[in-house]
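As the structure is a prediction and not an experimental result, all values here were calculated from the model.
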Amino acid sequence: MNLANVSFMVLSSILVLFMTPGLAFFYGGLVSKRNVVNTMLSVYVMTGVAIMLWIIVGYSLSFEGDFGGVIGNVSHFFMNGVDLNKLTSTKIPTGLYAIFQMMFAIITPALFVGAVVGRIRFKFLLVFLVCWSVLVYYPMVHLVWSANGLLARLGTVDFAGGTVVHINAGITAFVLSVFLGKRIHYGDKPHTHYNLPWVLLGTAILWIGWYGFNAGSALGVSSVAVQATITTTVATATAMVAWMFLDMFIQGKPTLVGVCTGTLCGLVGITPAAGFVTINGAFWIGLAGTCASYFFVNVLKDRIGVDDALDAFGCHGVSGIIGSIATGLFATKTVNTALPENGLFYGGGWHLFGIQLAATLITIAFVAVMVSLIIKGLSFVMAMRVDPKEEELGLDQGEHGEEADYAVELSNDVAQSQSDLSLYADEFKGQMAKLQESTHRIR
């Protein structure tokens, strides 16, 4: 083993895992109070379910064997027969590589939860997750990141998950939103219900965790990992500031939600290109991604009329598409010698750009068709959407019988009335009461 690479990959895996609770805070801060528990639980439960699926069949379907370049096999059920100690090309154990990839299998389905909050049945979501992982996510991993995958053989480059993670999750979110229909109160402005500290906390955790996501995809300590760290930082900062200025010029004022959304778009946009582009390329990808997402969220979304509650497609889908295609423009061998050819802007001609465009379109079509089939199939055996009464009540009570922020409510109520100290002053005096009595007698 290369101990430096092993240490780096253990840390990267932990950082990617850290992103899922961060996403729970981000989404939980953006929903109405009556759906906070449901939203955060729907994101966080992906951790346990996805880990179990990954060790049972996920790793084998993704990386072992090959059927038509689309999917692996199930010969390594529960990872039996996999040599976990075998070293990869970067001298890390196969078991550690499997753990790192496992973290991607957790965060990806958590992303599309944002589109369906407040109206999807929790049981349907769990069953959908299982079907989606087996029929959509694992095939996408095999197609792009397995040496035998069709898109890999085509020449597709995806450093950390533009197609596999973000376009995949974004298109899934869009299709789910279409089948679910609009919320009862679609169009209401929920800004008064935002928990802005949670939104900022979630964004900060995601940004920190994303270094494991992107830099970790170099699979070891190298100049490519350093470059991925730099480009991730530059693209994210560019996107954040760009969204803020767009809000200032178009909406009239900057918002914290807008700044956090722009940050997320930058992280998404640079993901497929992080280890292939220069700082200059990262700047333009961050700018293009956030501008495209801003236009979709604020203009096209209402015209299309699809109720993607937290803009999972608007951020992950749109910025992911921009990043995947832009990789064919800005990728250069000067950053990563493993790149098969340069992008269009670095003298490579149209070939890589055409491959990236084709891979992006194939991903969109494959995911849209498969997700539609899964939803139609499940709809024959179980209801997808909660009934109107439960939606009005809120899924926290309807699905889980829990509420969020009761402690905050209590503190607010106490602030508006007398404190316990003033109400029960004598009880709180304790030994001080006797001292005061003694002092009084002396005087």
Side-chain angles (χ1 to χ4, degrees), residues 17-54 103-133 136-137 165-166 168-184 190 193-195 198-199 201-203 205-206 209 264 307-317 371 374-375 378 382-387 390-405:
L17 177 62
F18 191 41
M19 292 169 67
T20 301
L23 185 68
F25 275 105
F26 180 79
Y27 281 165
L30 289 172
V31 298
S32 63
K33 182 180 168 184
R34 65 183 188 272
N35 291 312
V36 171
V37 172
N38 174 260
T39 300
M40 299 186 81
L41 175 59
S42 297
V43 171
Y44 189 61
V45 77
M46 300 291 181
T47 309
V49 178
I51 288 173
M52 292 175 64
L53 285 172
W54 183 255
M103 302 310 169
F104 283 68
I106 296 170
I107 187 66
T108 305
L111 297 175
F112 62 66
V113 168
V116 298
V117 294
R119 61 200 196 278
I120 194 169
R121 290 185 181 274
F122 187 75
K123 291 179 181 178
F124 182 94
L125 182 64
L126 288 181
V127 177
F128 177 83
L129 167 62
V130 174
C131 298
W132 178 88
S133 296
V136 180
Y137 182 74
V165 177
H166 295 295
N168 186 0
I171 297 300
T172 300
F174 187 87
V175 176
L176 281 170
S177 300
V178 171
F179 276 91
L180 268 176
K182 297 178 181 178
R183 288 163 289 174
I184 291 176
H193 301 296
Y194 284 169
N195 190 326
W198 281 13
V199 175
L201 174 64
T203 304
I205 292 174
L206 284 169
L264 190 61
D307 185 9
D308 177 357
L310 303 183
D311 297 312
F313 174 75
C315 293
H316 296 279
V371 171
I374 294 170
I375 294 173
L378 291 180
M382 62 193 310
M384 182 180 187
R385 183 166 178 160
V386 300
D387 60 63
E390 184 176 342
E391 186 173 346
E392 192 70 45
L393 173 66
L395 272 61
D396 288 4
Q397 283 292 335
E399 294 281 285
H400 314 291
E402 294 180 314
E403 292 183 1
D405 290 341

Report yes if the side chains of [X] and [Y] come closer than 4.5 Å at any heavy-atom pair, otherwise no.
| X | Y | result |
| --- | --- | --- |
| Asp307 | Leu180 | no |
| Arg34 | Gln397 | no |
| Arg121 | Met382 | no |
| Leu30 | Val117 | no |
| Leu17 | Thr47 | yes |
| Val43 | Leu23 | yes |

*Could you please spell out the steps behind the side chain to side chain contact (heavy atoms under 4.5 Å, CB included) verdict for Leu129 and Val45?*
CA-CA 11 Å; Leu129 167 62; Val45 77; 5.8 Å; no
Quick one: [atom1] on [X] to [atom2] on [Y], what's the gap to the nearest 0.5 Å?
| X | Y | atom1 | atom2 | result |
| --- | --- | --- | --- | --- |
| Glu402 | Leu41 | CD | CG | 7.5 Å |
| Ile171 | His316 | CD1 | NE2 | 13.0 Å |
| Leu176 | Leu125 | CG | CG | 8.0 Å |
| Met19 | Phe26 | CE | CZ | 11.5 Å |

*Quick one: do Leu111 and Val165 satisfy side chain to side chain contact (heavy atoms under 4.5 Å, CB included)? Show the steps, please.*
CA-CA 9 Å; Leu111 297 175; Val165 177; 3.8 Å; yes
_Leu395 and its side chain to side chain contact (heavy atoms under 4.5 Å, CB included) partner, picked from Asn38, Val37, Val31_ = Asn38
Using every non-hydrogen atom in the two residues, find where [X] and [Y] come nearest and quote the distance to one decimal.
| X | Y | value |
| --- | --- | --- |
| Ile184 | Glu391 | N-OE2, 2.9 Å |
| Glu399 | Phe122 | OE1-N, 2.8 Å |
| Ala173 | Ser177 | O-OG, 2.8 Å |
| Arg119 | Ala309 | NH1-CB, 4.1 Å |
| Val113 | Tyr27 | C-CE1, 4.4 Å |
| Thr20 | Ala110 | CG2-CB, 4.5 Å |

Keeping the roles fixed (side chain from [X], backbone from [Y]), state whether a donor-acceptor pair exists under 3.5 Å.
| X | Y | result |
| --- | --- | --- |
| Asp396 | Val36 | yes |
| Asp311 | Cys315 | no |
| Arg385 | Ile120 | no |

*Verify side chain to side chain contact (heavy atoms under 4.5 Å, CB included) between Val130 and Leu53, making sure each step is shown before the conclusion.*
CA-CA 7 Å; Val130 174; Leu53 285 172; 4.0 Å; yes
_Using a 6.0 Å cut-off, check whether atom CE of Met52 has over 12 heavy atoms from anything other than its own residue._
no
*asked:* If we check ring pair (Phe, Tyr, Trp, His ring centres under 6.0 Å) with Phe25, which of these qualifies: Tyr44, Phe18, Trp198?
replied: Trp198
_Plane angle bin for Phe112 and Trp132 - parallel if under 30°, tilted between 30 and 60°, otherwise perpendicular_ = perpendicular
*Determine, stepwise, if the pair Phe174 / Asp308 fulfils side chain to side chain contact (heavy atoms under 4.5 Å, CB included).*
CA-CA 7 Å; Phe174 187 87; Asp308 177 357; 5.9 Å; no
